[in-house]
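Residue indices begin at 1 and follow the sequence shown. All values below come from the heavy atoms of this structure, side chains included, with hydrogens, waters and symmetry mates left out. Quick caveat: nothing in here was measured; it's all calculated off a predicted structure.
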Amino acid sequence: MMCLRLSVPPALARLLALPLLAPLLAVLVLAVLLPAGAVRAQGQGAVSGDLSAIVAKFANDSYSDTSDALVELSATGSAQAAAVVDALATGRLVFDPATKAVYIRTPAGMADAATGTVVANAPANLSVVRANNRVRRAIDAASGALSLLNPDPVRRAEAAAAVFKSRDAAALATVEAAIAKETVGSVKETLEQARAAILVGKAEVPEAVRLLAIQKITARGDQEAISLLRSLPADAPASLKAAAEAGIAKVEQNLRFWAVAQNVWYGLSLGSVLLLAAIGLAITFGVMGVINMAHGEMVMLGAYTTFVVQDVIRHSAPGLFDWSLAIALPLAFLFTGLVGILIERTVIRFLYGRPLETLLATWGVSLILQQAVRSVFGPTNQEVGAPSWMSGAFQVGQLSITYNRLWIIVFALLVFFALLLVLKRTPLGLYVRAVTQNRRMAAAMGIRTGRIDALTFGLGSGIAGIAGVALSQIDNVSPNLGQGYIIDSFMVVVFGGVGNLWGTLVGAFTLGIANKLLEPFAGAVLGKILLLVFIILFIQKRPRGLFALKGRAVES
């Protein structure tokens, strides 16, 4: 029953009240409304009838009939067809062997597969529609075809990608219809690639059309395009095989380019990590000449500060988890900075001018800090989560860029320029530069060099702590975290120029990129050895590194 409510103006109501006009207007209204309703009802009945005939094939308990029914369902494009395909994929599509009626199991009970209406008295002895590998492939193809017209562009793109992989010829009409309606450029390109994947394997398609399809697949430029071009039928014309071979060669060349670009990106990512780990060491080593073997443990303490902050947030204020890194950064800086000042005041200040003893003492401090962390937190790795804004990745061509690596690069550059600003535009920076260039002259001018040493060591340790916050997002948080970066940090500092921040920046990114470019050819271990040999040879020619400090004390 359909109930129509008409809002009638008062003037028209008075006319309807007239005995002679009311019957005439009623006839006119019925003449307009009834044909349209009849047409709609007829259309709905046609769709339902079509689905009933298709769905009935599932009751034949035949893999061939089930596959044929899936192909026919995908051509309808209806929402109920999508529900049937989903029910078959999840084992919820059942049939009555006696009456051949097909149902879908739902939380509300049994529903008629053709109409979706809940059935009050469904039979008890129902059999599940079976599926084999052929049927599962047909399910994937039908699900993809039915999703091609989904209102969500992401779902449409996923469906087009599924059709590209399955190359189901039955989805061709649906793909072409979706292309005609598509308004999003990237989705339309994916749909056209799916269409090309279907056409290239159809022998009855004109050769010129198949050549255009090969060009479209080649333009995709990924490994899936190579696989598809290599699967060209054996009886394909020679021109198609030649075009496919040329396309494969072009895609392989393109992939080699993107592989180098991916390694460069990994190198930039590694360089940003080395920059964060080495920038604090560059300050302490440059100002005090101290070989601080406990610098890696400052990085480790910063990572454990992040773990503690996240653990407190998880138990006390889970809604603040996305702000955990912002909270951990100042806390890690303060904590590791204070630890650094404590180490300088209690150990290092008694060993200035004795580099070997300083090295041994700081190495002992590093062992003490590692054991202290093991005693408090245990020897196993600790879980540090990533905020939502650092999760996921995006594609640039064939280049995969993860958000956590991208943010670490940005963060490393921000720390670098912030430290540069402190050293160039603040009184502390002026004193640090004075002590670095000529310690005796700075002391003669009234600068308290001991205090500057302590503050500089604290600043370098604090920066190592915030480096640990960043590293907690890409590495295991364990007592041995800092040991993996201390040697590389010294290599960066020596290569770039002791005490020179710009040298540290260039050295970190240079060594990071070189390391990742060498790995595919020489392996990780041999690549690092080759870099070490290169730095040794380089230091023989330029003992002060890429960017040598200026000053009388340095040059004397």
Side-chain angles (χ1 to χ4, degrees), residues 270 273-281 283-285 290-316 321 324-349 351 358-387 390 404 408 411-412 415 454 457-490 492:
L270 175 61
V273 171
L274 294 178
L275 177 63
L276 284 172
I279 194 170
L281 187 64
I283 299 173
T284 56
F285 194 21
V290 173
I291 303 175
N292 180 19
M293 296 301 293
H295 186 78
E297 277 56 51
M298 300 298 106
V299 176
M300 178 262 293
L301 291 178
Y304 271 94
T305 303
T306 310
F307 163 71
V308 172
V309 168
Q310 289 195 352
D311 191 56
V312 171
I313 287 177
R314 283 192 184 99
H315 291 90
S316 303
F321 188 80
S324 59
L325 296 187
I327 297 171
L329 282 173
L331 293 178
F333 179 83
L334 291 174
F335 176 63
T336 55
L338 291 173
V339 172
I341 292 174
L342 180 63
I343 293 172
E344 196 278 335
R345 290 287 87 188
T346 57
V347 178
I348 294 176
R349 75 188 183 101
L351 301 174
T358 305
L359 185 150
L360 293 174
T362 53
W363 180 56
V365 170
S366 73
L367 296 179
I368 292 171
L369 291 175
Q370 287 182 46
Q371 188 56 48
V373 169
R374 285 192 182 93
S375 300
V376 175
F377 297 100
T380 58
N381 296 340
Q382 300 298 332
E383 179 187 0
V384 175
M390 288 188 72
N404 60 349
I408 287 175
F411 177 68
V415 171
F457 204 90
L459 178 63
S461 300
I463 293 173
I466 61 177
V469 177
L471 290 178
S472 69
Q473 299 299 302
I474 59 173
D475 207 340
N476 295 324
V477 177
S478 70
N480 299 321
L481 172 64
Q483 294 298 304
Y485 296 97
I486 184 64
I487 302 300
D488 289 336
S489 298
F490 275 108
V492 168

Enquirer: How long is the straight-line distance from CG of L481 back to CD of Q483, given to the nearest 0.5 Å?
Expert: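 Answer rounded to 0.5 Å: 9.5 Å.
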Enquirer: Where is the tightest heavy-atom contact between I341 and G458, given as atom of each residue plus distance?
Expert: CG1-CA, 3.7 Å
Enquirer: List for me each residue that meets ring-ring contact (aromatic ring centres under 6.0 Å, His included) alongside F321, sequence neighbours excluded, and say none if there are none.
Expert: none
Enquirer: Any side-chain to backbone donor/acceptor pair from T362 onto M293? Under 3.5 Å, distance only.
Expert: yes
Enquirer: Please report, to 0.1 Å, the donor-acceptor pairs under 3.5 Å made by any side chain of residues 366-374, with sequence neighbours excluded.
Expert:
unit_1	atom_1	unit_2	atom_2	d
S366	OG	W363	O	2.5
Q370	NE2	E297	OE2	3.0
R374	NH2	N480	OD1	2.9

Enquirer: Test side-chain contact (heavy atoms from CB on, under 4.5 Å) on V384 and Y304 and set out the steps.
Expert: CA-CA 9 Å; V384 175; Y304 271 94; over 6 Å; no
Enquirer: What pair of heavy atoms forms the shortest contact from R345 to A454, and how long is it?
Expert: NE-CB, 3.8 Å
Enquirer: What's the separation between atom OG1 in T358 and atom CG in L351, rounded to the nearest 0.5 Å?
Expert: 4.5 Å
Enquirer: Which atom pairs, one a donor and one an acceptor, fall under 3.5 Å between side chains of residues 461-474 and the rest of the protein, sequence neighbours left out?
Expert:
unit_1	atom_1	unit_2	atom_2	d
S461	OG	F457	O	2.9
S472	OG	V469	O	2.6
Q473	NE2	G385	O	3.3

Enquirer: Locate the shortest heavy-atom distance separating H295 from A277; write the atom from each residue and the value.
Expert: NE2-O, 2.8 Å
Enquirer: Test side-chain contact (heavy atoms from CB on, under 4.5 Å) on L275 and V492 and set out the steps.
Expert: CA-CA 8 Å; L275 177 63; V492 168; over 6 Å; no
Enquirer: How about CZ on F335, more than 12 heavy atoms from neighbouring residues, nucleotides or ligands closer than 6.0 Å, or not?
Expert: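 Counting neighbours around CZ of F335, 12 or fewer heavy atoms of other residues, nucleotides or ligands fall under 6.0 Å, so no.
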Enquirer: Before giving the answer on side-chain contact (heavy atoms from CB on, under 4.5 Å), spell out for L325 and Q310 the whole-Å C-alpha distance, their side-chain angles and the decisive distance to 0.1 Å.
Expert: CA-CA 8 Å; L325 296 187; Q310 289 195 352; 4.2 Å; yes
Enquirer: Can you measure from OG1 (T336) to CG (L342) and round to the nearest 0.5 angstrom?
Expert: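 Nearest 0.5 Å value for the OG1-CG distance: 12.5 Å.
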Enquirer: Between V365 and A294, which heavy-atom pair has the shortest distance, and what is it?
Expert: CG1-CB, 4.1 Å
Enquirer: Rounded to the nearest 0.5 Å, how far does CD1 of I327 lie from OG1 of T306?
Expert: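 Going from OG1 on T306 over to CD1 on I327, the span is 11.0 Å.
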Enquirer: Quick one: does Y485's side chain get under 4.5 Å of L276's, heavy atoms only?
Expert: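 No - every pair of side-chain heavy atoms lies 4.5 Å or more apart.
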Enquirer: Ignoring hydrogens and geometry, is there a side-chain-to-backbone donor-acceptor pair from Q382 to F307 under 3.5 Å?
Expert: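 It does not hold such a pair.
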Enquirer: Looking only at heavy atoms, which two atoms of P479 and G378 are closest? And how far apart?
Expert: CG-O, 4.0 Å
